[in-house]
There are 2 protein chains.
Amino acid sequence: MKTLSGVNLYVALIHYPVVNKHGETVASAVTNLDLHDIARAACTFGVRALHVITPLADQRELAEKIVRHWTSGPGGERNPKRREALERIRVTASLDDTRSLIAEAHGRPPLVVATCARRYPEACGFGDLAGRLENGTPHLVLFGTAWGLAPELIAASDAVLEPIGGCGDYNHLSVRCAAAIVMDRLMMRRH
Amino acid sequence: MKTLSGVNLYVALIHYPVVNKHGETVASAVTNLDLHDIARAACTFGVRALHVITPLADQRELAEKIVRHWTSGPGGERNPKRREALERIRVTASLDDTRSLIAEAHGRPPLVVATCARRYPEACGFGDLAGRLENGTPHLVLFGTAWGLAPELIAASDAVLEPIGGCGDYNHLSVRCAAAIVMDRLMMRRH
């Protein structure tokens with residue numbers, strides 16, 4: 001399996017706007033294990049950073065506290081591998097703030113790719129997106145917590161990725177597992 | 001992507017014997033989110049069942065209580081998709097018990113495949129194992145909690161799967177994400 005050192009893939013975990021089980025737009029709570037699992041997968045697959053996005057100040061403080069514990073605090077001393085993963089986390093208040101940070105690093109904002117368990121007619125395939133990544137253009141793939149990204153966020157993205165799919169109709173992965181599979185499929189070039 | 005309806009893939013989440021960070025063999029605690037995440041991925045990728053294995057009676061009771069809440073209890077009424085996933089969970093006291101249950105269903109015990117973040121010289125590739133699954137022979141893939149499967153369990157398995165690998169040296173996925181990626185790679189035939 002070839003590695004892609006010139007690829008500038010970023011991922012974001014979105015806590016607002018997402019939908020609840022009734023399809024209403026809500027802000028979800030930060031979940032400790034989401035940060036660990038997705039940061040560890042990002043580190044494994046060479047993703048540049050995981051942006052944890054929430055407009056709620058107390059939730060950003062919680063996320064920052066978790067990150068500090070494992071990067072500059074006692075957690076990181078006990079477990080340097082966990083520190084290495086959580087050092088890839090950036091906590092921001094909005095997708096605009098995340099886009100600005102990535103634009104500062106690359107001289108241009110990233111192309112924003114939404115993910116969704118439903119299939120959109122214009123969805124981009126995994127192989128297509130993996131190919132587009134190869135020229136180094138920064139891309140930011142969004143993952144929704146709760147019941148997924150709000151439709152208005154998907155509509156405002158530059159592209160939407162095809163669903164992961166499976167062997168039948170069931171398609172209800174946790175955001176942790178979905179994010180890990182998407183990073184594996186995009187970065188390990190098995191398409 | 002082709003589905004493999006004739007494939008008899010089982011997965012097991014092992015809580016003993018696993019190793020702790022010092023390499024000592026221990027029994028780990030059952031984690032609620034492991035059951036949910038891995039059962040949802042098993043359901044998505046057409047895996048026959050997730051066996052949750054622990055020799056500790058109180059930990060089996062905890063696992064059974066979680067499963068009951070989501071299959072016959074209020075959780076399943078509120079969230080039928082979660083019920084569908086957790087119905088694939090079997091709680092057993094040992095790998096021998098799991099092998100016997102699978103042997104009852106198929107008339108022969110499964111081939112047992114260990115997983116490990118380290119590379120074994122004799123490791124089986126993802127493509128090889130995906131190919132072996134096609135003739136319907138039952139296979140049971142073991143995932144270790146804590147710091148992974150104990151060496152004696154790996155040595156006693158019929159085969160060991162190659163590590164997931166990544167884009168560099170970092171290879172520290174959560175068991176939830178590792179299990180999801182392995183099921184995706186084996187069942188979605190992208191090799």
Side-chain angles (χ1 to χ4, degrees), chain A residues 1-7 9 21 31-34 36-48 78-85 88 117 125-127 147 162-191, chain B residues 1-7 9 21 31-34 36-48 78-85 88 117 125-127 147 162-191:
Chain A
M1 294 181 183
K2 187 184 160 199
T3 60
L4 292 174
S5 59
V7 167
L9 178 61
K21 67 182 295 189
T31 300
N32 179 44
L33 221 49
D34 288 356
H36 284 263
D37 279 17
I38 301 175
R40 291 164 74 180
C43 205
T44 297
F45 296 114
V47 170
R48 298 287 179 203
R78 280 203 308 276
N79 191 339
K81 290 294 181 189
R82 201 59 67 90
R83 180 177 62 216
E84 196 176 341
R88 300 212 175 196
F126 283 95
W147 268 251
E162 66 174 324
I164 287 173
C167 295
D169 295 335
Y170 193 93
N171 190 10
H172 300 276
L173 294 165
S174 72
V175 71
R176 295 169 289 282
C177 293
I181 290 170
V182 167
M183 287 185 258
D184 180 41
R185 289 188 182 185
L186 292 179
M187 297 300 273
M188 299 312 285
R189 308 207 55 200
R190 288 169 294 97
H191 297 270
Chain B
M1 293 181 183
K2 188 184 160 200
T3 61
L4 293 173
S5 59
V7 167
L9 178 61
K21 67 181 294 187
T31 300
N32 178 46
L33 220 49
D34 289 356
H36 283 262
D37 279 17
I38 301 175
R40 291 163 75 180
C43 205
T44 297
F45 295 115
V47 171
R48 298 289 179 200
R78 279 202 308 275
N79 191 339
K81 290 293 180 189
R82 201 57 68 90
R83 180 176 64 217
E84 195 176 341
R88 303 214 172 194
F126 282 95
W147 267 251
E162 66 175 324
I164 287 173
C167 295
D169 294 335
Y170 194 92
N171 190 11
H172 300 275
L173 294 166
S174 72
V175 71
R176 297 168 289 281
C177 292
I181 289 170
V182 167
M183 288 185 258
D184 179 43
R185 289 190 182 185
L186 292 179
M187 297 300 273
M188 300 311 285
R189 308 204 57 202
R190 288 170 295 97
H191 297 270

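Proteins come first, then strands; the chains are lettered A, B, ... in the order of their sequence lines, and each starts at number 1.
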### Query
Is a side-chain N or O of A/Lys21 found less than 3.5 angstrom from the main chain of B/Arg78, in a donor-acceptor match?
yes
### Query
Under a 4.5 Å cut-off applied to non-hydrogen side-chain atoms, are A/Met188 and B/Arg185 in contact?
yes
### Message
Holding to side-chain hydrogen bond (donor to acceptor under 3.5 Å, both in side chains), I want the full list of residues that pass it with A/His36, two or more places apart in sequence or in another chain.
### Response
A/Asn32, A/Trp70, A/Arg82
### Query
In terms of heavy-atom proximity below 4.5 Å to chain A, should B/Leu173 be classed as side chain, backbone, both, or neither?
both
### Summary
Closest non-hydrogen atoms of A/Arg40 and B/Tyr170, given as atom of the first, atom of the second and distance, are O-CE2, 3.7 Å
### Message
For residues 168-183 of chain B, which residue pairs pass the salt bridge (charged side-chain N to carboxylate O under 4.0 Å, His left out) check, not counting sequence neighbours?
### Response
A/Asp37-B/Arg176, B/Asp34-B/Arg176
### Message
If I measure from the heavy atoms of chain A, does B/Ala85 come under 4.5 Å with its side chain, its backbone, both, or neither?
### Response
both
### Message
Please rank B/Ala178, B/Ala179, B/Ser174 by heavy-atom pairs under 4.5 Å with chain A and give me the top one.
### Response
B/Ser174
### Task
List the atom of B/Asn171, the atom of A/Thr44, and the distance in Å for their closest heavy-atom pair.
CA-OG1, 4.2 Å
